[in-house]
Q: 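Below is one structure. I have some questions about it.
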Amino acid sequence: MGAVFMGYNYIHAKKNNYPAESVPTLKEFATSFARAFLTLLLPVIIMGGILSGVFIPTEAGVVAVAYAFFHRRNSLPGDKTSRDSRIFPACGEVERQSGRFFPDVAAASVLGAENSSSVQVARLNEAMARGRAMSTPVK
């Protein structure tokens, strides 16, 4: 798929006479790679955490967002406008949007939906509190 995208971009650039940039020197490449290194670690952190069992895929999403947020805050010290002015309204919107689903989960639990995630989590927490190992799914 990557080769197809590269081919399309090459043909499109040639057709529209886009200017070509010069090949970067080793110093330019090293500087660019060093600036991008922490960003390039994000997939390693996500996959490494999932495959090592440190966290599940849902938690990996939270870790990825937190890592990207704090990495962005620290990597752009001069950029004040896009950094802080939009984060709190965005968090409020996420809270408002996700709050719509909690009544559904609660209703499913009250009405006896045995496969609802909240029921499964509650049973798992009870079993863990009693100290039993959960090697099979709760039925």
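All values below were derived from every heavy atom in this structure, side-chain atoms included, with hydrogens, water molecules and symmetry-related copies excluded.
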Q: Less than 4.5 Å apart, side chain to side chain, heavy atoms only: is that true for Leu40 and Phe33?
A: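 Side chain of Leu40 against side chain of Phe33, heavy atoms only: contact under 4.5 Å found.
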
Q: Specify the closest pair of heavy atoms between Leu42 and Ala64, including all atoms of both residues, with the distance to one decimal.
A: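 In this case the closest contact between Leu42 and Ala64 is CD1-CA, 3.8 Å.
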
Q: With a 3.5 Å distance limit and no angle check, can you tell me whether Ser52 reaches the backbone of Gly48 through a side-chain donor-acceptor pair?
A: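 Side chain of Ser52 to backbone of Gly48: a pair is present.
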
Q: Is there a path of hydrophobic side-chain contacts, each under 4.5 Å between heavy atoms of I/L/V/M/F/W/Y residues, joining Leu41 to Ile50?
A: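 They do share one cluster, since a chain of ILVMFWY contacts under 4.5 Å joins Ile50 to Leu41.
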
Q: Consider only side-chain heavy atoms of I, L, V, M, F, W and Y, link residues closer than 4.5 Å, and tell whether Phe37 and Met47 are in one cluster.
A: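 Phe37 does not cluster with Met47.
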
Q: Looking only at heavy atoms, what is the nearest atom pair of Tyr67 and Ile45, with distance?
A: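 Shortest heavy-atom contact: CE1-CD1, 3.7 Å.
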
Q: Is Val23 reachable from Met6 through a run of hydrophobic residues whose side-chain heavy atoms are each under 4.5 Å from the next?
A: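 Not linked; separate clusters.
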
Q: Any donor-acceptor pair under 3.5 Å linking the side chain of Tyr8 with the backbone of Ala3?
A: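 Checking the backbone N and O of Ala3 against the side chain of Tyr8, no donor-acceptor pair under 3.5 Å is found.
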
Q: Flag the pair Phe55 / Val62 as yes when at least one side-chain heavy-atom distance between them is below 4.5 Å, and no otherwise.
A: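 Not in contact.
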
